[in-house]
Protein chains: 2
Amino acid sequence: MTADRRPGMSGRNGIRPTMKDVAAAAGVGLKTVSRVVNGESGVTPEMAARVQAAIGVLGFRRNDSARLLRTGRTASVALLLEDIGDPFSSALSRAVEDVAVAEGCLLFTGSSAEDPARGRELALAFCARRVDGLIVVPAGDDHQYLLPEVESGTPVVFLDRPGTGIDADAVLSDNAGGARAGTAHLIAHGHRRIGFVGDLPTIHTAAERARGYREAMAAAGLPVAERWIDCGPTDRTRVAAAVHRLTTGPDAVTALFTANNRVTLAALHHLPAAARPALVGFDDLELADLLTPALTVVAQDPVALGALAARRLFDRLAGDTTPPMHLEIPTLLIPRGSGETPPAN
Amino acid sequence: MTADRRPGMSGRNGIRPTMKDVAAAAGVGLKTVSRVVNGESGVTPEMAARVQAAIGVLGFRRNDSARLLRTGRTASVALLLEDIGDPFSSALSRAVEDVAVAEGCLLFTGSSAEDPARGRELALAFCARRVDGLIVVPAGDDHQYLLPEVESGTPVVFLDRPGTGIDADAVLSDNAGGARAGTAHLIAHGHRRIGFVGDLPTIHTAAERARGYREAMAAAGLPVAERWIDCGPTDRTRVAAAVHRLTTGPDAVTALFTANNRVTLAALHHLPAAARPALVGFDDLELADLLTPALTVVAQDPVALGALAARRLFDRLAGDTTPPMHLEIPTLLIPRGSGETPPAN
DNA sequence: CTGAAAGCGCTTACAG
DNA sequence: CTGAAAGCGCTTACAG
């Protein structure tokens with residue numbers, strides 16, 4: 001409430017001085033202030049000192065938004081995630097941020113929150129701000145709305161899943177390979193009837209993981225009963241029902257491949273450790289190594305994913321005009337106990 | 001590489017049309033374009049149609065950065081975290097984002113990454129962009145550099161810990177109360193010698209939790225041996241050493257209060273379940289309920305913290321000039337098993 | 001070495 | 001209803 005200046009304090013309440021103000025206070029031209037602020041050469045020490053003094057008295061700080069408008073770029077990139085509150089997204093975010101900061105860029109983040117419309121709004125809002133580039137974990141099944149932005153010169157890199165209806169860079173995990181490795185691991189430990197519980201098959205990663213499961217079974221010459229494959233929403237209720245169906249009855253499976261972290265969590269909660277078949281989960285979980293038995297997983301590398309996507313984006317910004325590419329990051333099978341138990345019967 | 005227009009596609013490579021271009025194409029004045037773009041009334045249908053047609057042909061999209069320069073605000077806020085990659089920070093982030101989006105603002109996020117200098121650079125970079133406001137999880141022990149920004153009219157809300165050297169809004173967990181409850185819980189289950197393993201005492205939350213521990217002991221009339229309190233960095237090695245020291249020897253404690261999630265994790269890894277004393281941890285962990293025994297925790301509510309901080313910020317932006325306030329969010333004791341075992345001796 | 005002019009892409013008054 | 005002018009706070013040419 002007190003609008004008076006306190007001793008030793010520069011700046012006044014709610015009033016940001018501009019270069020024009022500094023120029024007037026120092027009795028110099030606007031351009032000279034600009035030169036001093038930006039550390040350009042060719043200013044006499046006397047002039048520079050006068051400007052610096054005025055800057056100090058007024059508490060001037062350059063308005064970067066205005067500067068960037070003139071410059072043509074915004075020195076900012078945006079990262080659109082599924083939900084920045086989940087561990088996978090936040091790990092991606094940190095990796096992207098580190099590259100962005102190293103490149104002198106600030107980072108906008110946003111969550112589509114399982115709502116393709118919100119994702120679209122956010123993506124277009126970022127573009128309207130003229131972010132230099134956009135990294136998108138795509139939600140929904142149509143990303144053509146980004147085409148005009150890409151054609152107007154805003155590079156887009158898809159992360160975790162490819163975009164639909166638009167040919168752009170994508171950085172993905174080796175989902176099929178990871179599922180293949182996890183399934184083969186169960187097979188190697190003697191299992192022949194293996195259940196697959198996954199996400200909605202319309203989701204690219206889910207489909208790829210199901211493919212990897214089938215390939216591993218086929219490679220081992222094992223038949224797959226379609227009943228063993230249960231894909232759908234990942235809420236607790238549905239996963240619990242799927243797990244129950246697969247693990248009971250005369251043709252119960254002896255092992256389970258749970259194809260993402262939410263499915264794994266739900267399965268673990270539904271199955272008491274004693275009644276649990278062999279289990280391998282896609283995605284690592286904190287504390288997974290402290291469970292009894294410890295949880296065997298196919299781990300993704302979100303840091304590598306985020307860093308590579310960011311690299312791709314900044315390479316595009318640096319002028320790379322090669323055709324769009326799809327890059328894959330390997331997964332890692334981490335045996336810890338739950339996936340190494342032999343079939344019960 | 002192909003700069004030619006494809007049928008059905010509007011916009012050309014790398015060239016963003018401006019309102020001026022649209023006005024020229026439509027043969028109208030700039031202001032008329034502005035009216036149509038912003039949905040203002042007072043434009044004849046014919047004019048509007050001509051403008052819309054030109055917008056479509058050229059693929060015009062308003063540059064919000066330019067608009068906001070004229071408007072004086074940026075419709076963006078920034079959230080400075082410790083590390084957006086950790087679960088607590090990311091939960092805060094999501095909560096802040098939801099409020100920001102509802103307020104029509106975009107969100108910058110950044111991580112100080114345990115480096116006060118990086119935190120400072122990021123905070124000032126956000127201010128230089130003239131974000132409308134700033135939410136800061138403060139790192140380091142001096143935040144006076146934010147004073148000029150606050151006085152220039154950029155509201156700052158501190159989150160999780162108060163800022164130092166600056167009087168501003170702060171939204172905090174009831175750290176002392178949570179630690180008091182956790183410690184009292186152990187006392188209620190018969191423990192008299194309780195160890196406290198915490199973070200560096202220079203960190204506000206760590207100091208508050210230690211205070212809560214002492215208060216609970218005092219309230220129960222129990223003496224506290226200073227050896228039972230071990231504060232320091234939260235790396236595995238140091239925590240393991242602390243836990244080892246506390247839980248062995250003639251005066252070993254019968255229960256442990258681990259004062260944050262990293263300490264709890266390290267303690268769980270160091271202590272085999274069989275040799276584990278009663279344990280209550282500050283901060284909830286995913287899978288905590290699936291451990292054997294399940295983990296009793298004092299849970300914070302990051303969603304409430306983030307939402308309240310964002311509310312505070314937008315209230316300031318709406319003109320609230322009441323004195324800075326410190327708001328506290330309660331914690332929740334969740335008994336699951338590890339904190340309900342009686343003393344071994 | 002220094003600075004007045006024009007412009008980045010919009011909006012805000014203000015005339016017609 | 002419509003639009004020319006001025007301005008948001010800077011930088012980019014371009015003269016002195």
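Residue numbering restarts at 1 for every chain, and letters A, B, ... go by the order of the sequence lines.
For the pair T32(A) and dT2(C), the criterion of a side-chain N or O lying under 4.0 Å from OP1 or OP2 is not met.
No side-chain heavy atom of I135(B) sits less than 4.5 Å from a side-chain heavy atom of V156(B).
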Donor-acceptor pairs under 3.5 angstrom involving side-chain atoms of residues 99-108 of chain A: please list them, not counting sequence neighbours.
unit_1: E103(A); atom_1: OE2; unit_2: R311(A); atom_2: NH2; d: 2.5

Side-chain donor-acceptor contacts of residues 50-58 of chain A below 3.5 Å, not counting sequence neighbours, with atom names and distances?
unit_1: R50(A); atom_1: NE; unit_2: A26(A); atom_2: O; d: 3.2
unit_1: R50(A); atom_1: NH2; unit_2: A26(A); atom_2: O; d: 3.1
unit_1: R50(A); atom_1: NH2; unit_2: G27(A); atom_2: O; d: 3.1

Practice item. Show the numbers, then the answer: is there a side chain to side chain donor-acceptor pair (under 3.5 Å) between R129(B) and N63(A)? Key: CA-CA 6 Å; R129(B) 296 293 178 96; N63(A) 180 334; over 6 Å; no

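Scanning for side chain to side chain contact (heavy atoms under 4.5 Å, CB included) contacts around T18(A) gives K20(A), D21(A), with sequence neighbours left out.
Ionic pairing of D142(B) and R120(B) is not present here: no N-O contact between side-chain nitrogen and carboxylate oxygen is shorter than 4.0 angstrom.
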Reading nucleotides 9-16 of chain D from 5' to 3' and marking B where a protein heavy atom lies under 4.0 Å of the base, S where only the sugar-phosphate is that close, and - otherwise, the string is BSBB----

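Panel note: side chain D320(B), backbone T322(B); a donor-acceptor pair is recorded below 3.5 Å.
Under the ring-ring contact (aromatic ring centres under 6.0 Å, His included) criterion, the residue pairs touching residues 131-156 of chain B are H143(B)-F158(B), with sequence neighbours excluded.
With the 3.5 Å cutoff on both pairing distances, Watson-Crick and G-U pairs in DNA chain C assemble into runs of at least 3 at C:1-3 with D:14-16, C:5-12 with D:5-12, C:14-16 with D:1-3.
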